[in-house]
Amino acid sequence: MDLEKLLWEENEKPLDRIVYDGGYARVFRTIGCIGDSLSSGEHESRDAEGNQGYHDFYDYSWGQYIARNAGIDVYNFSKGGMTAKCFMESFGEKCGAWTDAKKCQAYILALGVNDIYTKQVELGAVSDVDLEDYNNNKPTFAGYYAMIIQKLKAIQPDAKFFLVTLPNGVENLRGEEHAALLKEMAELFSNTYVIDLRTYSPKYDSDFKSKFFVGGHMNAAGYILTAQMITSYIDYIVRHNFKDFAQVGFIGTPYKYI
């Protein structure tokens with residue numbers, strides 16, 4: 001066995017190697033997915049009169065595809081239309097994200113579309129974050145987004161966080177600014193990494209959408225593909241930072257190897 005070739009290749013990029021069983025994302029036994037409709041397996045319908053319907057089918061979410069493929073527990077802390085502000089003010093409590101019963105070893109945050117586009121919330125900056133008391137964060141997307149991380153860190157201090165950028169090809173949503181902010185968040189907080197779909201995902205162009213979307217939301221194949229991208233990216237991060245993940249098994253326990 002050539003361990004070097006097994007684990008990484010020279011000049012490898014995050015999505016060069018696609019895993020179908022979770023890969024090294026399986027170091028986690030519990031993952032929480034915080035997001036909006038695209039994290040909830042939402043399907044868009046249209047009746048004979050042209051009226052649209054929106055349906056969160058959680059079994060079709062990329063989080064549940066990850067759970068089934070990798071054999072781990074994944075919680076959907078997500079809902080169609082979700083924003084960082086709404087999550088902090090009400091939905092986080094409603095879905096049980098703050099409870100000991102549902103605390104996770106890792107969290108994937110996929111928020112921003114509704115905040116920036118639908119609600120047109122001010123993006124903000126990392127300077128909006130009070131590291132001593134998140135209640136003092138400014139009421140911007142950055143402030144609320146950081147609040148989520150800070151509150152979860154208080155519940156599960158050693159948890160790992162993966163921040164998902166808007167995918168390549170999602171235009172007019174200030175995607176570059178959003179991605180830059182998340183990279184700064186990853187520098188601000190420990191145990192935090194960026195899943196940069198803005199740079200490395202396939203382009204969400206008309207051909208892509210003809211295969212993986214129905215209306216403005218993904219179809220089942222699209223959510224499967226997203227699950228593969230998310231787990232492959234986490235697999236890449238773990239393989240390139242093994243020391244960071246050496247004690248994942250202790251997350252949520254009173255033990256460490258000091």
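Side chains included, hydrogens not; waters and symmetry mates left out as well; all remaining heavy atoms used.
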Evaluate side-chain contact (heavy atoms from CB on, under 4.5 Å) for Y117 paired with L166, printing each intermediate quantity in order.
-> CA-CA 12 Å; Y117 182 59; L166 303 182; over 6 Å; no
Would you call [X] and [Y] a side-chain contact if the rule is heavy atoms closer than 4.5 Å?
X	Y	value
E122	K138	no
V129	Y134	no
T83	V121	no
E44	S37	no
F141	H178	yes
T231	Y65	no
F162	V164	no
D73	R29	no

For Q105 and Q156, test the side chains for any donor-to-acceptor distance below 3.5 angstrom and give the result as yes or no.
-> no
Run the side-chain donor-acceptor check on residues 247-258: report pairs under 3.5 Å with partners two or more places apart or on a different chain.
from	atom 1	to	atom 2	distance (Å)
Q247	OE1	Y257	N	2.6
Q247	NE2	Y257	O	2.9
T253	OG1	F250	O	2.7
T253	OG1	Y255	N	3.1

Identify which one of S39, S40, S61 satisfies the side chain to side chain donor-acceptor pair (under 3.5 Å) criterion when paired with N76.
->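 The option that passes is S61.
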Is there a donor-acceptor contact under 3.5 Å from the side chain of [X] to the main chain of [Y]?
X	Y	value
Q150	D130	yes
K160	D244	yes
D56	G80	yes
N114	T118	no
N241	I237	yes
R17	D235	no
K153	S190	yes
H43	G41	yes

Taking atom [atom1] of [X] and atom [atom2] of [Y], what is their separation to the nearest 0.5 Å?
X	Y	atom1	atom2	result
L111	Y144	CG	OH	13.5 Å
L38	M82	CG	CE	13.0 Å
K79	C86	NZ	SG	7.0 Å
M218	F208	CE	CZ	4.5 Å
R26	N69	CZ	CG	10.5 Å
T192	L163	OG1	CG	6.0 Å

Of all the heavy-atom pairs spanning [X] and [Y], show the shortest one and how long it is.
X	Y	result
D21	G23	OD1-N, 3.0 Å
T30	K103	OG1-O, 4.2 Å
V74	C33	CG1-SG, 3.5 Å
P202	M229	CD-SD, 3.4 Å
I234	A25	CG2-CB, 3.8 Å
S232	I18	OG-CA, 3.3 Å

Single-linkage hydrophobic cluster [X]~[Y], side-chain heavy atoms < 4.5 angstrom:
X	Y	result
I66	I224	yes
L109	F189	yes
Y58	I108	no
I149	L131	yes
I230	V19	no

Near [X] [atom1], under 6.0 Å, is it more than 12 heavy atoms from other residues, nucleotides or ligands?
X	atom1	answer
E12	CD	yes
K119	NZ	no
Y60	OH	no
E132	CD	no

Under 6.0 Å between ring centres: does that hold for [X] and [Y]?
X	Y	result
W98	F77	no
Y24	F242	yes
F245	Y193	yes

Results of side-chain contact (heavy atoms from CB on, under 4.5 Å) for D196 - residues two or more places apart only =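 Residues passing side-chain contact (heavy atoms from CB on, under 4.5 Å) with D196: T165, K183, V194, R198, T199, Y200, Y233.
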Hey, mind stepping through F28 and C104 against side-chain contact (heavy atoms from CB on, under 4.5 Å) and telling me if it holds?
-> CA-CA 9 Å; F28 302 111; C104 300; over 6 Å; no
Could you walk me through whether Y204 and F212 pass the side-chain contact (heavy atoms from CB on, under 4.5 Å) check?
-> CA-CA 9 Å; Y204 286 29; F212 297 110; over 6 Å; no
